[in-house]
Every structure is written in structure tokens, then in C-alpha cells.
Amino acid sequence: MVDVQARISLTGGSDFWHTPAVPEAGIPELMWTDGPHGVRKQTGSSDHVGINASEPATCFPPAVGLASSWNPDALTEVGVALGEECRALGVGVLLGPGLNIKRSPLCGRNFEYFSEDPLVAGELAAALVRGIQSQGIGTSVKHFAANNQETDRMRRDSQVDERTLREIYLRGFGRVVLTAQPWTIMCSYNKVNGTFASENHWLLTEVLRDEWGFEGVVVSDWGAVWDRVRALKAGLDLEMPANRSHAEAVATALAAGEIDEATIDQAFGRVEAIVKRAAASLDGAPDSFDVDAHHELARRIARECVVLLSNDGVLPLAPDVSVAVVGEFARTPRYQGAGSSRVNPTRLDNALAAIRELVGHDVPFAPGFTTAAGQELSPTAHEDAVAVARDADVVLAFLGLGENHESEGYDRDNADLPAEQLALLDDILAVNPNVVVVLSNGSSVLLPFADRVRAVVEGWLLGQGGGRAIADVLYGAVNPSGKITETIPRRLQDTPSYLNFPGDDTGVRYGEGLFVGYRGYDASGIEVAFPFGHGLSYTTFAYSDLSLTVADGGVRVALTVANTGARAGREVVQVYASIGASRVTRVPRELKGFASVTLEPGASGRVEVFVPSSELAYWSVADHAWVVEGGDYTVEVGSSSRDLRLSGTVAVAGNEPFRPLTLGSTVAEGMAVPAFAEIVAKLAGDIFTGDPDLIRMMESMPLAALVGFSGQRQSEFEELLAQVNAARA
Ligand code: BGC
């Protein structure tokens with residue numbers, strides 16, 4: 001039996017990035033490191049905010065970019081490459097992917113997250129996990145849970161109602177656990193409804209393990225544990241990084257009988273299993289990876305992530321069009337976010353060089369503004385940029401957010417592009433209306449100029465191959481096919497979380513409830529700049545022949561997509577569903593599935609998406625369970641959440657639990673049960689044959705009140721109720 005001190009030691013790190021060796025149990029030391037879109041292996045000083053250097057590794061597009069591909073296969077490919085790099089660099093667990101919902105565009109860490117929608121976020125994260133783990137390397141799906149802002153992230157209490165928590169904030173995590181069984185889950189810093197995630201038994205044990213069947217290790221975010229004893233009891237297995245006092249506290253608590261040895265053993269056993277698995281994959285692994293091949297992969301994936309937001313036909317550019325490139329981002333790309341996920345890339349493409357290479361000659365360039373603090377800028381930079389722009393046929397204006405504008409650790413306080421960039425754009429437009437804006441940003445920015453420029457290309461953050469990908473899209477070497485997974489609003493005030501973000505020291509109330517992102521904009525009928533799921537192509541697609549079939553415990557959605565334009569292209573088809581009449585609050589439509597189809601010009605293909613009935617369930621607070629309401633569901637299929645091309649209705653059987661009528665049921669609920677309607681009508685007397693407004697008023701009256709008013713004995717009435725319920729059950 002391994003000494004208890006040694007067992008305790010494995011419930012914490014040995015330093016910043018390692019779990020300790022326990023030689024008597026055959027457990028080697030193991031490195032766990034960030035993640036998510038590249039390996040950040042620090043060899044010198046350690047930190048969890050991306051300050052110190054790390055070994056070169058491929059910087060793939062961060063989640064904000066990857067998500068726009070809507071392509072799980074691409075994410076799995078990236079995952080495989082990440083796994084290979086981990087093996088080459090001796091890293092056993094890669095800390096990612098990040099899966100939190102983009103509740104507000106202001107969240108400083110949105111670049112590391114996939115979407116405002118849990119289905120697309122969960123599907124893509126699961127695909128990445130599968131890829132990494134296929135190489136025998138662990139993942140750490142983070143940050144569990146309700147960590148949707150950076151402001152006061154280490155303490156703030158996320159106050160989320162039960163249904164919203166289940167349907168929006170936990171749903172993606174559940175999907176990843178159920179479909180990809182990540183080796184580890186990282187609990188977040190914040191509190192969830194009053195209890196720190198690291199000490200939240202409901203979250204870490206009841207939901208994660210008992211309900212979802214999670215078999216791996218729960219690791220803390222770096223420094224998220226306040227009390228390791230409480231955390232272990234709640235279901236945490238591993239505190240990172242090392243914390244000597246916390247390890248001592250566990251030993252003291254054990255001696256005092258405040259924690260069972262079995263609890264320690266459970267955590268020890270789980271960590272042991274993961275470490276041994278990863279160590280086996282690292283054993284004899286090659287000590288290098290194919291840098292060129294991975295760079296090519298980073299470029300190829302980035303090409304699928306670029307989103308063409310608007311285009312009046314100016315794009316794609318012919319190689320002989322005279323262009324001027326403006327904006328420092330073209331030369332010094334912003335390709336990843338700041339903080340713990342910052343990777344030291346093996347190569348770095350920039351769009352300016354890639355454009356010059358594509359057209360085969362020099363093109364005029366002016367930086368116009370700086371993109372990072374401390375960069376030198378000539379006093380005439382603004383005027384120089386306007387001058388360069390004046391004579392070109394087309395101006396390519398590379399605008400965006402600098403590293404200091406958005407980062408792990410803090411949120412933005414507005415969603416605007418920097419004022420100097422907007423002023424430069426205005427001045428350029430005054431001398432040349434033919435402007436294409438190319439954006440670099442980790443989260444939505446407001447685009448008040450969208451109608452005044454000829455095209456907007458959303459480049460998000462695209463990793464080390466992004467510069468080349470952008471050039472390929474601008475010149476049509478690649479037909480854009482990315483679509484946004486977060487709504488781009490017209491005004492910050494329109495965002496559903498606006499009045500409840502980021503809260504204060506009493507907590508952050510998720511007051512918009514289920515109405516996050518497009519769910520909220522659609523419910524309020526608010527115009528947006530670009531809707532969830534939007535992205536254009538250089539070709540066009542026609543949708544036809546929708547068929548909806550109930551089979552195999554779900555709805556089989558099939559349709560035909562035809563490429564009606566002149567170029568080959570990929571279309572991401574989105575399936576949304578809603579139920580007409582519901583007994584609970586519903587959002588207008590929710591994404592229930594998606595698929596891509598790549599078609600040559602003139603070709604068409606049948607696209608199928610299967611929506612399991614369980615996907616149509618809502619979280620019933622009354623039953624503390626997922627419940628599918630039986631009824632007619634509207635299925636809408638489209639090219640974006642606001643470009644719905646086909647729709648149909650399908651009857652789906654529900655699994656609603658039997659709900660007996662009680663004295664607390666309303667008159668309307670009673671009337672809905674045929675065997676009871678007569679009794680209720682009798683109690684209500686003449687009213688039901690009279691004034692319709694009066695009937696409406698009566699409908700929401702509890703039966704208890706009706707009985708009282710009618711003069712009938714309550715006990716007799718309760719007997720009737722019992723008979724009716726027994727006949728229905
Ligand atoms: C971040 C995690 C990261 C960890 C280690 C924390 O500050 O929230 O995402 O994995 O540091 O760097």
C-alpha cells in the first residue's frame with residue numbers, strides 16, 4: 001500500500017505544470033500544460049497568464065476561429081496534430097478546450113470559446129477532444145462552469161437559474177462528456193449559485209459523475225482551490241498548481257477525522273489512472289513533429305474559418321486590380337489571444353506578404369496605426385495611410401483589436417474598434433469608396449461602417465497560418481465558407497446580457513435567462529448587424545425538398561442543396577427547431593443540428609441531419625429532469641439563423657411525466673382534462689357560458705379558490721380530483 005502522504009501528494013501539483021512522481025506506485029511525473037490551440041510548454045519561468053516564453057509549437061486558430069468552420073472533422077484533425085505535438089514535447093495533458101458560452105461580446109476571453117450556442121460549442125469541442133485523445137494525450141475541458149466573464153473571475157458568484165444553467169451553460173459540457181469522455185475536466189474559479197466551483201458537490205459529483213458518467217479527473221483551474229479538503233469532498237481530484245499548505249491541510253484533516261481516507265484514495269486512483277495512460281503514450285514517443293505539415297494544416301483549417309460578412313461583388317479580387325493595403329494588422333498579424341493560451345508559433349504568415357506573393361509583385365502598404373502598446377508609429381502615419389489609399393482601385397483595410405484590448409483576466413468595456421482606426425477608415429472612405437475591411441478580433445466588434453464599405457471579411461484570430469488564409473480568400477484561391485457562431489449586434493445595448501454584465505461584488509445575475517445570443521435577439525425582434533450562423537460565399541446555394549421523418553428516436557431532416565453559382569463551394573446547413581404551444585417559456589428557435597456539403601458548380605446533394613428527440617427536450621424545473629413535450633415541432637433549415645430557407649412541421653411524441661391535477665392547478669389546466677372539464681364548468685356556474693373576458697380571468701384561478709367561491713365542500717372536491725387522477729394515471 002502506498003504511503004498516505006504519497007497518496008495525498010498526488011491530489012496536487014509538484015510545481016506549476018507537473019503532477020508528482022510516486023515511484024512506489026510506478027507513477028512518473030507528468031506535465032500538464034496549456035492549450036488549447038497549441039502547446040505552451042514553458043521551460044524557463046512558469047506562469048499561467050502567458051508572460052514567459054515557451055517552446056515553439058504550431059499555433060492553430062483559437063476556438064473563435066475554429067468554431068466558424070462548423071467542421072467537426074477539421075477540429076479532429078487539429079486535435080490529432082495537437083496530440084502529436086504534445087507527445088513530441090513530452091506533455092501528457094493539454095489544458096483545453098475552453099467551452100464556456102459567449103454570454104456577452106465583452107468577455108475578455110471569448111476568443112478561447114466557441115459560441116453563444118451550446119450545441120455547436122459542444123459538438124466542436126468534442127471533436128477536438130477526440131482528436132487529441134486519439135494520440136493517447138489527455139484533454140481538460142474547461143472552465144466548468146458558468147465562467148462567462150473575466151471581471152473578478154476568481155471570486156464572482158454566477159447566479160443562474162436551474163433551467164438556464166442546464167440548457168445553456170452545462171449543456172455543452174454534458175455533450176462532450178457523453179460523447180467524447182475527456183480525460184479531465186477543469187473546474188472554474190468562480191462560484192456557481194453561491195458555492196465555488198471547486199467545492200461544488202452538486203456540480204462536480206452529482207451532475208458530472210452521477211448523471212453524465214464522467215470517469216476522469218477533475219482538476220482545478222490554476223489557483224481555484226481555497227480549501228483542498230472541502231474540494232476533495234466535493235469531487236475535485238487534483239489541485240493545480242502545487243500548494244504546500246493545502247497538502248498539509250489534507251494530512252491534518254485526515255488525522256483529525258475530517259476527511260475519509262477513501263476520499264483521498266478515490267482522487268489518488270483517478271489521477272494515477274490518467275497519469276499512467278498519458279505516460280504510456282509519451283514513452284518512446286518521437287521527439288519532434290512535422291513542423292511544415294502542421295503549418296500547412298494550420299493554413300488549411302484557417303481557410304475554412306474565414307467568414308465573409310458582406311460583399312457587393314468586389315471580392316474575390318482579380319490579380320490585376322491595383323490594391324493598397326492599410327493597417328498594421330496586415331503586416332503584424334493578431335492571430336491569437338492574450339493570456340495562458342498564448343503559443344510561441346513555429347512560423348507566422350502575414351497577409352501583406354501573402355498578398356504580395358499571390359499577385360507576384362509589391363503592393364503599397366501603410367500601417368496607419370499601431371496594434372500593440374510600445375510599437376513605434378510615425379507622426380504622419382494616419383495621413384500616409386490615406387495617401388496610399390487614394391490612388392488604389394481597392395483599399396484593403398486591416399482593422400481589429402490589439403492584444404491589450406481583449407485578454408484573459410479582464411473584460412472589454414465597450415465593443416467598439418479603436419477610435420483611431422474608425423477615424424482612419426472615415427478618412428480613407430472620403431478619398432476612396434472602394435474599401436474592403438478585414439477584421440482581426442477575438443470577439444464581436446460593432447461595425448457601424450458595414451454599409452459604407454464594399455465588403456467585410458471577419459478574420460477573427462486565425463492562428464499562424466491566418467495571413468495566408470486571408471489572402472487566399474481575398475483573391476478567390478479559396479471560396480469562403482465560414483459562418484459566425486456568435487451574433488454581431490448593432491449596438492452593445494442590444495445584447496441580451498447588457499443590464500446584467502459583469503455584475504458587482506454581490507454576484508452576476510444571469511438575468512436574461514435562456515435568452516442568450518440569438519435566442520434573445522430573435523425573441524425581442526432586435527435587428528442585428530450579422531445574425532448567428534451567417535457567412536457568405538462566392539457562389540450561391542439553393543435549398544429544396546425538405547423531408548422530415550420520425551424514426552430511430554428522433555427526426556430525420558433531409559433536404560437538397562444545389563450549388564447555383566459558378567464556383568465550387570462549401571455550405572454549412574443549419575437546422576433549427578421550435579414548438580408552437582408550450583407549457584414553459586420557450587425561445588423562438590434553437591439550433592438542433594448542422595452539416596456541411598461541398599459542391600461543384602451546378603451540382604446538388606442531399607444533406608441529412610438527425611435530431612434525436614432528446615435534443616428537443618427542455619429542462620423541467622418541476623421534475624428536475626429533461627422532458628420532451630409531445631406536439632408539433634417546426635423545423636427550419638437555413639443558411640443562417642435569419643436566412644431560413646425551408647420549414648416544415650413534424651409531430652414528436654413526448655415523455656412528459658404524468659401531472660395530477662391538484663387544488664393548486666388552474667381552471668384552465670382542469671378544463672384541459674376532458675373528464676374533469678364538466679366538473680370545473682359546473683363549479684364555475686354560468687360564468688363559462690357568459691362574458692369571454694370573464695372566462696379568461698377565471699382561467700388562471702387555482703381550483704382551490706374556485707371551490708371556495710362555489711360553496712362546494714373541499715373534501716368532496718378532492719375526492720373527485722383523486723378519481724379523475726386515478727383514471728388518467
Ligand atoms: C486559466 C486556465 C489555464 C491555467 C493554466 C488559468 O489562469 O484560466 O485556462 O489553463 O491558468 O495556465
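Computed over heavy atoms, backbone and side chain alike; hydrogens, waters and symmetry mates excluded. Remember, it's 1-based here, ligands and their atoms both numbered in the order they're listed. We count residues from 1, following the sequence as given.
- The closest approach between any non-hydrogen atom of Met186 and ligand 1 is below 4.0 Å.
- Between Arg103 and Glu116, none of the side-chain N atoms (NZ, or NE/NH1/NH2) sits under 4.0 Å from a carboxylate O, so this pair counts as no salt bridge.
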Go through Glu486 and Ser444 one step at a time and tell me if the side-chain hydrogen bond (donor to acceptor under 3.5 Å, both in side chains) criterion holds.
-> CA-CA 7 Å; Glu486 61 193 85; Ser444 294; 2.9 Å; yes
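- Less than 6.0 angstrom separates the ring centroid of Tyr510 from the ring centroid of Tyr169.
- No option in Leu95, Leu94, Val343 other than Leu94 meets the side-chain contact (heavy atoms from CB on, under 4.5 Å) test with Val39.
- Here the heavy atom of the protein found nearest to atom 6 (C) of ligand 1 is Asp221 OD1, 2.9 Å.
- Counting heavy atoms closer than 4.0 Å to ligand 1, residue Phe16 contributes nothing at all.
- Salt bridge status for Asp157 with Lys191: absent, with no side-chain N to carboxylate O gap under 4.0 Å.
- Considering backbone and side-chain N/O atoms, Trp222 never comes within less than 3.5 Å of an N/O atom of ligand 1.
- Proximity of Arg40 to ligand 1, defined as any heavy-atom pair under 4.0 Å, is confined to the side chain (atoms from C-beta onward).
- Using a 4.0 Å cut-off between heavy atoms, Glu150 makes no contact with ligand 1 at all.
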Start with the C-alpha distance between Asp117 and Arg519, add both sets of side-chain angles, then the distance that settles salt bridge (Lys or Arg N to Asp or Glu O under 4.0 Å), and finish with yes or no.
-> CA-CA 9 Å; Asp117 177 88; Arg519 290 166 165 79; 3.0 Å; yes
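- Using a 4.0 Å cut-off between heavy atoms, Arg153 contacts ligand 1 through its side chain alone, with no backbone atom that close.
- One N or O on the side chain of Ser69 and one on the backbone of Asn71 form a donor-acceptor pair closer than 3.5 Å.
- Residue contact check for ligand 1: Trp32 places no non-hydrogen atom closer than 4.0 Å to it.
- The proximity of His143 to ligand 1, defined as any non-hydrogen pair under 4.0 Å, is limited to the side chain.
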